[in-house]
Undergrad: 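Sharing a structure below in structure tokens format, with a few things to ask.
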Number of protein chains: 2
Amino acid sequence: MPKVDKAYLEQRRAQILKSAKACFAKNGFHKTTMRDIMKKSNLSSGALYRYFKSKEDIIEAIALQTLEANIATIDDAKRKGNARSQIETLADRFFSLLEKPEEKFTSVDVELWGEASRNKKVKNILVKSIGAHHAEFVKIILQAQANGEIRRNVDPESMASVMIALFQGAIVQMRVGGNLDLWKYVACVKEMLATLLINEEEVNA
Amino acid sequence: MPKVDKAYLEQRRAQILKSAKACFAKNGFHKTTMRDIMKKSNLSSGALYRYFKSKEDIIEAIALQTLEANIATIDDAKRKGNARSQIETLADRFFSLLEKPEEKFTSVDVELWGEASRNKKVKNILVKSIGAHHAEFVKIILQAQANGEIRRNVDPESMASVMIALFQGAIVQMRVGGNLDLWKYVACVKEMLATLLINEEEVNA
DNA sequence: TAATAAAGAACGGGCGTTCGTTTTAGGGAG
DNA sequence: CTCCCTAAAACGAACGCCCGTTCTTTATTA
């Protein structure tokens with residue numbers, strides 16, 4: 001099929017990435033072979049290497065894809081409501097990614113964290129991703145503090161890191177820790193965050 | 001050197017594990033070769049394979065070592081003071097592991113998380129490790145609730161998971177996230193946890 | 001001297017990757 | 001419209017390297 005249009009090419013690329021992601025989620029980056037990806041995507045090595053110049057290239061593309069998905073999620077949630085509801089919306093979005101471990105590919109996140117220590121491109125992408133989340137949380141917190149929604153004595157930078165940690169930790173515990181009751185966990189997190197909201201007495205003080 | 005004593009053998013084993021851990025921390029499990037470990041420990045392949053029957057065997061030994069170190073840390077902190085100070089002691093211990101990334105090997109933790117998805121033994125060890133922390137936190141929280149130190153409406157199971165997540169997330173952000181100001185982060189965490197302690201008004205209510 | 005420990009050359013297999021070949025479809029000539 | 005022709009796309013056997021591991025040989029000491 002020569003001279004196919006651009007959409008065809010992009011679709012092929014996406015198909016390969018999807019297959020690769022499935023393999024990576026199941027067996028990790030290093031235990032999945034190129035042949036695994038070929039088999040999963042019903043493509044030959046020749047075809048595969050037309051779209052990606054190496055295995056690393058695929059990994060990097062997946063990292064990038066994750067980054068873009070995350071940023072899209074943030075942008076989407078950004079529009080609505082006050083600080084508290086923005087935070088809760090984001091929390092719901094991200095935590096629900098963990099619900100069906102096989103379909104959503106948070107296992108790949110753990111792989112990427114490991115990969116970051118030896119692949120600079122991957123590391124840069126992750127730094128950007130985490131940085132984007134962090135910046136967004138900081139912005140929300142600062143605005144909320146200005147509005148009197150959140151106590152002024154909490155450090156926005158650290159608080160943002162804490163929120164991110166609560167999500168990352170949930171990933172770890174879902175993947176390797178055994179039995180995390182996700183929604184009880186989320187409820188607990190929300191309650192914790194709620195205690196940081198200014199209550200009536202403090203507003204008047 | 002034939003017929004050496006037991007201490008000699010154990011020391012050799014430890015030396016290999018230490019070298020391996022250093023390699024793994026720098027390059028990850030899959031990018032470090034057996035030759036890397038041999039070079040680092042100044043040992044030949046023959047010697048190495050006298051002490052460990054495979055590369056996986058080394059990885060599992062390191063996972064086990066991590067588990068034991070963690071449990072020792074818990075046991076050590078368990079003896080002292082009320083719930084709040086126990087929690088703070090544990091937090092200080094674990095977070096200080098993150099201070100000098102090159103010497104303490106928390107990078108290996110991230111590797112282990114990834115490895116757990118494809119190596120059952122490693123997974124079991126990690127489940128045990130996280131489980132031990134979780135159980136210990138639950139115990140502390142329950143006791144503290146009985147003593148009236150901590151609000152009774154927080155779910156101990158989830159709260160314990162949250163605490164663990166705060167540590168795991170810190171690892172991720174230190175390793176791959178760029179610039180986490182660790183002690184500001186810890187201060188923020190402690191303050192959050194403090195808000196969950198019953199304050200005077202509530203005791204009287 | 002016998003048994004253990006260490007050495008290190010050698011091996012076998014599997015992996016990522018390449019490359020010569022085959023298939024496919026658009027486009028110009030008749 | 002039909003028939004090539006051409007270039008893109010896919011194929012898949014083959015390659016070569018590297019890694020984990022083994023095995024024979026050498027050193028060491030009780």
Side-chain angles (χ1 to χ4, degrees), chain A residues 1-24 26-63 108 111 114-115 118-119 121-122, chain B residues 1-63 111 114-115 118-119 121-122:
Chain A
M1 325 158 181
K3 293 181 178 167
V4 297
D5 60 2
K6 210 174 173 184
Y8 176 88
L9 293 171
E10 280 175 13
Q11 185 190 330
R12 230 65 214 276
R13 230 186 106 94
Q15 165 193 359
I16 293 171
L17 282 181
K18 188 180 168 188
S19 305
K21 224 168 162 180
C23 292
F24 290 156
K26 193 193 274 183
N27 297 326
F29 290 151
H30 299 281
K31 209 177 172 183
T32 75
T33 68
M34 286 308 223
R35 281 167 184 79
D36 291 336
I37 301 174
M38 291 167 203
K39 204 173 173 184
K40 186 88 181 177
S41 60
N42 291 315
L43 248 40
S44 66
S45 57
L48 217 170
Y49 275 87
R50 181 165 302 282
Y51 293 92
F52 296 94
K53 73 173 204 292
S54 68
K55 189 181 183 183
E56 268 210 345
D57 203 26
I58 296 180
I59 293 174
E60 286 157 15
I62 284 177
V108 175
E111 292 290 325
E115 206 59 19
R118 65 197 92 102
N119 182 327
K121 277 191 194 169
V122 169
Chain B
M1 324 162 181
K3 292 180 180 169
V4 296
D5 61 0
K6 209 175 172 184
Y8 176 88
L9 292 172
E10 280 175 13
Q11 185 190 329
R12 228 69 214 275
R13 229 185 107 92
Q15 166 193 359
I16 293 170
L17 282 181
K18 188 180 168 189
S19 304
K21 224 167 162 181
C23 292
F24 290 156
K26 193 194 273 181
N27 296 326
F29 290 151
H30 299 280
K31 208 180 173 182
T32 76
T33 67
M34 285 308 209
R35 280 167 184 80
D36 291 336
I37 300 174
M38 292 168 203
K39 203 173 173 183
K40 186 89 181 177
S41 60
N42 290 316
L43 249 39
S44 66
S45 58
L48 216 169
Y49 275 87
R50 180 166 304 282
Y51 293 92
F52 295 92
K53 72 174 206 291
S54 68
K55 189 181 183 182
E56 267 209 347
D57 202 26
I58 296 180
I59 293 174
E60 285 158 15
I62 284 178
E111 293 289 325
E115 205 61 17
R118 64 198 92 103
N119 181 327
K121 278 190 194 170
V122 170

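A quick note: this is a predicted structure, and the numbers were derived from the prediction, not measured. Numbers restart at 1 for each chain; the letters A, B, ... are given by sequence-line order, proteins then strands.
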Undergrad: Would you kindly give the NZ-to-C1' distance between B:Lys6 and C:dT4, to the nearest whole Å?
TA: 17 Å
Undergrad: Answer with base, sugar-phosphate or nothing: what part of the nucleic acid does B:Leu43 contact at a heavy-atom distance below 4.0 Å?
TA: sugar-phosphate
Undergrad: Starting at CG of A:Asn27 and ending at C1' of C:dC15, how long is that distance when rounded to a whole Å?
TA: 15 Å
Undergrad: Verify the contact: side-chain N or O of A:Ser44 to OP1 or OP2 of D:dC11, cut-off strictly under 4.0 Å; return yes or no.
TA: yes
Undergrad: Could you give the NZ-to-P distance, from A:Lys39 to C:dC15, as a whole number of Å?
TA: 12 Å
Undergrad: List for me each residue that meets side-chain contact (heavy atoms from CB on, under 4.5 Å) alongside A:Lys26, sequence neighbours excluded, and say none if there are none.
TA: none
Undergrad: Looking for any heavy atom pair under 4.0 Å, which part of the strands does A:Phe52 touch: base, sugar-phosphate only, or nothing?
TA: nothing
Undergrad: With sequence neighbours excluded, tell me which residues meet salt bridge (Lys or Arg N to Asp or Glu O under 4.0 Å) with B:Lys121.
TA: B:Glu60
Undergrad: Residues two or more places apart in sequence or in another chain: which of them pass side-chain contact (heavy atoms from CB on, under 4.5 Å) with B:Ala63?
TA: B:Leu112, B:Ile125
Undergrad: What protein N or O atoms touch nucleotides 19-21 of chain D N or O atoms at under 3.5 angstrom, if any, and at what distances?
TA:
{"residue": "D:dG20", "atom": "OP1", "partner": "B:Lys55", "partner atom": "NZ", "Å": "2.6"}
{"residue": "D:dG20", "atom": "OP2", "partner": "B:Met34", "partner atom": "N", "Å": "2.6"}
{"residue": "D:dG20", "atom": "N7", "partner": "B:Arg35", "partner atom": "NH1", "Å": "3.0"}
{"residue": "D:dG20", "atom": "O6", "partner": "B:Arg35", "partner atom": "NH2", "Å": "2.9"}
{"residue": "D:dT21", "atom": "OP2", "partner": "B:Tyr49", "partner atom": "OH", "Å": "2.7"}
{"residue": "D:dT21", "atom": "OP2", "partner": "B:Lys55", "partner atom": "N", "Å": "2.9"}
{"residue": "D:dT21", "atom": "O5'", "partner": "B:Tyr49", "partner atom": "OH", "Å": "3.2"}

Undergrad: Find the distance A:Asp5:CG to D:dA8:P and express it as a whole number of Å.
TA: 15 Å
Undergrad: Can you measure B:Gln15 atom CD to C:dA5 atom P for me and round it to whole angstrom units?
TA: 15 Å
Undergrad: Going by side-chain hydrogen bond (donor to acceptor under 3.5 Å, both in side chains), name the residues that satisfy it together with A:Arg13, two or more places apart in sequence or in a different chain.
TA: none
Undergrad: Report the end-to-end axis angle of the helix from C:dT1-D:dA30 to C:dG30-D:dC1; each axis comes from five terminal pairs, and the value is rounded to 10°.
TA: 10°
Undergrad: For B:Tyr8 and C:dT4, is the shortest distance between a side-chain N/O and OP1 or OP2 below 4.0 Å?
TA: no
Undergrad: Is it true that a side-chain atom of B:Gln15 and a backbone atom of B:Ser41 form a donor plus acceptor pair closer than 3.5 Å?
TA: yes
Undergrad: Taking only residues two or more places apart in sequence, or in another chain, which ones meet A:Gln11 in a side-chain hydrogen bond (donor to acceptor under 3.5 Å, both in side chains)?
TA: none
Undergrad: Take atom CG of A:Leu48 and atom P of D:dA10, then tell me their distance rounded to the nearest Å.
TA: 11 Å
Undergrad: Measure CD/A:Gln11 against P/D:dA9 and give the value in whole Å, please.
TA: 14 Å
Undergrad: Who pairs with B:Thr33 by side-chain hydrogen bond (donor to acceptor under 3.5 Å, both in side chains), at least two apart in sequence or on another chain?
TA: B:Asp36
Undergrad: With heavy-atom distances below 4.5 Å as the criterion, would you say the side chains of A:Glu111 and A:Phe24 are in contact?
TA: no
Undergrad: Of all the choices, C:dA6, D:dC11, D:dA9, which nucleotide is nearest to the side chain of B:Arg50 once you look at every atom?
TA: C:dA6
Undergrad: Residues two or more places apart in sequence or in another chain: which of them pass side-chain hydrogen bond (donor to acceptor under 3.5 Å, both in side chains) with B:Arg35?
TA: none
